Amino acid sequence: MLRSTLLYLSKSDRLKDFLNSFKSFNSITRRFVAGEDLAEAVDAICALNSKGITASFDHLGESITSEAETREEVREYLRVLDSIKETGIHSNVSVKLTQLGLDVSHELCYQNTLAIVRAAATLGNFVRIDMEDSTKTDYTFDIFRRLRHDYENVGIVVQSYLYRTERDVEELLKLGARVRLCKGAYNEPPSAAFPSKQQVDQNYTRLMKMLLESGIYHGIATHDEEMIEATKTFAAQRSISKAAFEFQMLYGIRRDLQERLVAEGYRMRVYVPYGKYWYPYFMRRLAERPANVWFVAKNMIKG
Ligand code: FDA
């Protein structure tokens, strides 16, 4: 209920205007978003690196319908890749296909993503393609497969809330694809996704085991301590090295757990979003956890 209300509100500008009218809003956004420009994201990643945590840049943007704007996004990602090289920070990049033209034309999207993947290959870097809502899943896999045919430095995301994902993982493993496993962040109909948290978690555990057993380097993306414990236990039982996979979390969420996992010798990567188009991302983070809404409300009252 809370999730669908927030997702509904996130589609209108009313809540944004309302939130913008509070002076303290920036400090609230900063809980989940590293900043509005690249330099701020680089600083955030330097701080993470100093704690033994690697990162993934996300220039915030999605559902772009102008071809010119998709090309701007490509330029921004090329700038990001250059700055990773120049600064020597430990980070790769994550992209969304609707940011790169999926809603304009599939060929444009493919060419835009290819430009980023090719530049990353030249610089010895890696590009992760985020997964969006289930109307985009097939198209995202199609473009990923085309890219993966020629480039190894590209990976994909799967969502354990979708019924289809077990089959998708089987296919992806045949390609030798590097996968990020997450639960899924969009408001999906019961025809596409498991309705209960228990089913999503059960599927998450099943998929995590398939991935870890594959011998390919994957990302286990979650803040859920139960999922993390299940991963640690399974890896230990199968003598899978801590260096054979990585945990991934979102910027600003469960920093205590991020540091604890590093102290235990696990690999940890944090997804670092930045940019002016923070709103849909921010709303998804609020929708995931009622406590975040109280956090915002408290700060708005204080402000
Ligand atoms: P769950 O939602 O069950 O939460 C477990 C616990 O984690 C909560 O009890 C709370 O303690 C903590 N927690 C979770 N979310 C929180 C929040 N917003 N604020 C504070 N605490 C929180 N999704 C997608 O559809 N496509 C994608 O490409 C990606 N990419 C991605 C990358 C990375 C690195 C991560 C970590 C996540 C994603 N996601 C994503 C988002 C993912 O699908 C999911 O919505 C969130 O990670 C929340 O799910 P959890 O696995 O954390 O479990």
Side-chain angles (χ1 to χ4, degrees), residues 2-3 6-7 10 28-34 45 48 53-58 60-62 91-99 102 126-137 140-141 144 155-162 164-165 168 178-188 192-194 196-205 207-208 218-231 245-258 260-261 267-273 278 280-296:
L2 174 72
R3 190 184 181 90
L6 282 165
L7 284 165
S10 71
I28 300 170
T29 318
R30 264 178 208 287
R31 163 93 157 69
F32 300 107
V33 177
I45 291 178
L48 289 166
I53 298 171
T54 58
S56 194
F57 271 97
D58 167 41
L60 291 164
E62 53 196 274
S91 185
N92 58 29
V93 300
S94 283
V95 298
K96 284 190 172 41
L97 292 191
T98 64
Q99 168 181 39
L102 193 65
F126 179 82
V127 180
R128 176 81 61 186
I129 299 177
D130 285 350
M131 190 56 79
E132 299 177 71
D133 72 74
S134 62
T135 63
K136 310 284 189 302
T137 312
T140 305
F141 283 133
F144 171 73
I156 188 77
V157 176
V158 298
Q159 299 153 320
S160 73
Y161 64 14
L162 295 185
R164 58 176 289 166
T165 301
D168 291 332
R178 281 176 58 180
V179 173
R180 173 199 295 151
L181 172 63
C182 68
K183 290 191 189 180
Y186 297 83
N187 204 15
E188 296 291 352
F194 293 109
S196 77
K197 172 171 162 56
Q198 193 193 11
Q199 289 167 307
V200 174
D201 288 358
Q202 271 171 5
N203 201 34
Y204 192 99
T205 311
L207 299 168
M208 172 274 290
H218 299 295
I220 306 299
T222 182
H223 316 92
D224 187 334
E225 294 206 47
E226 254 184 60
M227 300 299 103
I228 290 168
E229 280 312 311
T231 307
F245 63 96
E246 63 186 30
F247 286 113
Q248 298 184 352
M249 292 190 200
L250 300 176
Y251 183 75
I253 300 181
R254 294 301 313 264
R255 285 170 283 207
D256 57 330
L257 187 51
Q258 294 171 13
R260 201 195 318 153
L261 287 167
R267 293 189 174 192
M268 181 76 229
R269 183 178 302 276
V270 166
Y271 183 97
V272 179
W278 44 261
Y281 177 88
F282 179 70
M283 291 306 291
R284 285 198 290 276
R285 299 297 76 82
L286 292 194
E288 270 158 10
R289 194 165 176 248
N292 290 341
V293 180
W294 311 136
F295 169 79
V296 170

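Remember, predicted model here, so these are calculated numbers, not experimental data. Throughout, residue positions are numbered sequentially from 1 according to the sequence presented. Every number for a ligand or one of its atoms is a count from 1 in the order of the listing.
- Polar contact with ligand 1: present for Lys183 (N/O pair, distance under 3.5 Å).
- Counting all heavy atoms, side chain and backbone alike, Arg285 lies closest to Ala185 at NH2-CB, 3.8 Å.
- The part of Lys197 lying near ligand 1 is the side chain, judged by heavy-atom distances below 4.0 Å.
- Near Tyr271, the atoms of ligand 1 lying under 4.0 angstrom from a non-hydrogen atom of the residue are 34 (C).
- With ligand atoms numbered from 1 in the order given, ligand 1 contributes 25 (O), 42 (C), 43 (O), 45 (O) to contacts under 4.0 Å with heavy atoms of Gly184.
- Side-chain atoms of Phe247 and Met268, non-hydrogen and from C-beta on, do get closer than 4.5 Å to each other.
- When the heavy atoms of Ile253, Thr222, Leu257 are ranked by distance to atom 51 (O) of ligand 1, first place goes to Thr222.
- For the atom pair Thr98 OG1 and Lys136 NZ, the distance stands at 6.5 Å (nearest 0.5 Å).
- The side chain to side chain contact (heavy atoms under 4.5 Å, CB included) search around Glu225 returns Arg254, Leu257, Arg260, not counting sequence neighbours.
- At a threshold of 4.5 Å between non-hydrogen side-chain atoms, the residues Thr222 and Met208 do not count as touching.
- Residue Leu181 comes nearest to Tyr204 through the heavy atom pair O-OH, 3.2 Å, listed as atom of the first residue, atom of the second, then distance.
- We find that Arg284 and Glu62 are joined by a salt bridge, their nearest charged nitrogen and carboxylate oxygen being less than 4.0 Å apart.
- Taking every heavy atom of Asn292 and a limit of under 4.0 angstrom, the matching atoms of ligand 1 come to 17 (C), 18 (N), 19 (N), 20 (C).
- In this structure, Arg180 counts as a contact residue of ligand 1, since one of its heavy atoms falls inside 4.0 Å of the ligand.
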Could you walk me through whether Arg164 and Ser134 pass the side chain to side chain donor-acceptor pair (under 3.5 Å) check? CA-CA 10 Å; Arg164 58 176 289 166; Ser134 62; over 6 Å; no
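- Interface atoms of ligand 1 facing Asp130, defined by a heavy-atom separation under 4.0 Å, are 28 (O).
- Of the candidates Lys96, Glu226, Met227, Glu288, Glu288 brings a heavy atom nearest to atom 45 (O) of ligand 1.
- Neither the backbone nor the side chain of Tyr204 has a heavy atom within less than 4.0 Å of ligand 1.
- Atoms of ligand 1 lying under 4.0 Å from at least one heavy atom of Ala221, given by number and element, are 33 (C), 34 (C), 35 (C), 36 (C).
- In this structure, Tyr251 contributes its side chain and Ala55 its backbone to no donor-acceptor pair below 3.5 Å.
- The shortest N/O to N/O separation between Phe32 and ligand 1 does not fall below 3.5 Å.
- Note on ligand 1: Glu225 sits outside its first shell, no heavy atom being nearer than 4.0 Å.
- Listed by atom number, the atoms of ligand 1 under 4.0 Å from Gln248 heavy atoms are 34 (C), 36 (C).
- On a distance-only criterion, Arg254 and ligand 1 share no N/O pair closer than 3.5 Å.
- Within 6.0 Å of atom CD in Gln199, more than 12 heavy atoms from other residues, nucleotides or ligands are found, so the atom counts as buried in its surroundings.
- Per-residue contacts place Val157 under 4.0 angstrom from the following atoms of ligand 1 (heavy atoms of the residue considered): 27 (C), 28 (O).
- No hydrogens or angles considered: a donor-acceptor pair under 3.5 Å links the side chains of Tyr271 and Asp130.
- Although no hydrogens or angles enter the test, the distance criterion places no donor-acceptor pair under 3.5 Å between the side chain of Arg178 and the main chain of Gly219.
- Checking Gln159, Arg285, Arg284 against atom 41 (C) of ligand 1, the nearest heavy atom belongs to Arg285.
- The nearest non-hydrogen atom to atom 52 (O) of ligand 1, considering only Arg128, His223, Arg269, comes from His223.
- Considering each of Gly219, Ala287, Cys182, Ala55, the one bringing a non-hydrogen atom nearest atom 40 (C) of ligand 1 is Cys182.
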